[in-house]
Amino acid sequence: MGVKERRAREKEQLQRQILSAARELFVSEGYEKVSMRKIANKIEYSPTTIYLYFKDKADLLDSVCKETLLNLLNTLEQLKSDISDPVETLRKSGRAYVEFGLKYPQDYKLTFVIRPQFQKGLGLEEGSVGEQVFNYLREMVSECIRQQVFRQVDVETTGQVMWSAVHGVTLLLIDFPDFPWTERDKLIDTVIHTTIEGLK
């Protein structure tokens, strides 16, 4: 490995280290209480070093959330290879979405709860990773309509209905783990099944 390649790898490793430290501190201490200096102290670098990679704390939060959304998108995209049964793909996608949120609850809350409190919107701007995630839902709904499995429904509204269902159950399970929920898998599957059946 040459000097140039080694430096590029070291730069990437440091960037990931910064993101990891920021994610941990945002969750444990609250975004508003975390400073760039505190993040720098955690990784034993100067704040100046962090500013070489990120322009400010908001940029750091955006980067952490973008990484989470990319991971979610990759998880969903793996299910789209076979759309011979679009309803089953949509069902699996809904399930994968909820499981992702429950597997990475801190990242999920940073992206969908904490970030919107400090920055406008949900990060669904045109061309964003967030928009790509939502477009995935739109495409699945459109395919169900195209194959005449769903009645002719408004794609935008239906996509939002699906997201509302899976996001709602995800956040409730994360925020209220001590609530006497019914069996978890049964709850998740029933929410998704009931939503899809209502669209047929």
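We use all heavy atoms of the structure for the numbers below, so side chains are in, but hydrogens, waters and symmetry mates are not. Please read all numbers here as calculations on a predicted model, not as lab measurements.
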Output the distance between atom [atom1] ([X]) and atom [atom2] ([Y]), rounded to the nearest 0.5 Å.
X: I50; Y: K42; atom1: CD1; atom2: NZ; answer: 12.0 Å
X: I145; Y: M140; atom1: CD1; atom2: CE; answer: 12.0 Å
X: D62; Y: K57; atom1: CG; atom2: NZ; answer: 12.5 Å
X: T190; Y: D185; atom1: OG1; atom2: CG; answer: 10.0 Å
X: Q147; Y: S84; atom1: CD; atom2: OG; answer: 7.5 Å
X: L90; Y: I196; atom1: CG; atom2: CD1; answer: 4.0 Å

A side-chain contact here means heavy atoms from C-beta on lying under 4.5 Å apart; do [X] and [Y] qualify?
X: I192; Y: R95; value: yes
X: Y31; Y: R115; value: no
X: L14; Y: T49; value: yes
X: V191; Y: V166; value: no
X: Y97; Y: T75; value: no
X: F134; Y: E156; value: yes
X: L60; Y: M36; value: yes
X: I188; Y: T170; value: no

Of the non-hydrogen atoms in [X] and [Y], which two are nearest, and what is the gap between them?
X: L79; Y: A96; value: CD1-CB, 3.7 Å
X: S93; Y: Y136; value: OG-OH, 2.6 Å
X: Q132; Y: L73; value: OE1-CD2, 3.4 Å
X: D56; Y: Y51; value: CA-CE2, 4.3 Å
X: G101; Y: I174; value: O-CD1, 3.5 Å
X: S63; Y: L19; value: CB-CD2, 3.6 Å

Shared hydrophobic cluster, V161 / V155 (ILVMFWY, side-chain heavy atoms < 4.5 Å):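 Cluster IDs for V161 and V155 differ.
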Inspect the contact between [Y] and [X] and indicate whether a charged nitrogen and a carboxylate oxygen are less than 4.0 angstrom apart.
X: E99; Y: R184; answer: yes
X: R146; Y: E143; answer: yes
X: E10; Y: R7; answer: no

Going through the distances and angles, do R138 and T158 end up as a side chain to side chain contact (heavy atoms under 4.5 Å, CB included)? CA-CA 8 Å; R138 286 191 188 101; T158 306; over 6 Å; no
So for atom [atom1], which belongs to [X], do other residues, nucleotides or ligands contribute more than 12 heavy atoms lying within a distance under 6.0 Å?
X: E183; atom1: CD; result: yes
X: Q106; atom1: CD; result: no
X: Y53; atom1: OH; result: yes

If the condition is ring pair (Phe, Tyr, Trp, His ring centres under 6.0 Å), which residues does H193 pass it with, not counting sequence neighbours?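 H193: no ring pair (Phe, Tyr, Trp, His ring centres under 6.0 Å) contacts found.
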Verify side chain to side chain contact (heavy atoms under 4.5 Å, CB included) between F26 and I114, making sure each step is shown before the conclusion. CA-CA 9 Å; F26 289 158; I114 295 174; 5.9 Å; no
For T68 and L110, what are the C-alpha separation, side-chain angles and deciding distance, and is it a side chain to side chain contact (heavy atoms under 4.5 Å, CB included)? CA-CA 9 Å; T68 298; L110 268 179; over 6 Å; no
Using atom types as modelled and distance alone, determine if a side-chain donor or acceptor of S20 lies under 3.5 Å from a backbone N or O of R16.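 No, S20 side chain to R16 backbone: no donor-acceptor pair under 3.5 Å.
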Aromatic rings Y108 and F112: how do their planes relate, parallel, tilted or perpendicular, breaks at 30° and 60°?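 Answer is tilted, since the angle falls between 30° and 60°.
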Going through the distances and angles, do E197 and K200 end up as a salt bridge (Lys or Arg N to Asp or Glu O under 4.0 Å)? CA-CA 5 Å; E197 286 301 306; K200 286 184 176 179; 2.8 Å; yes
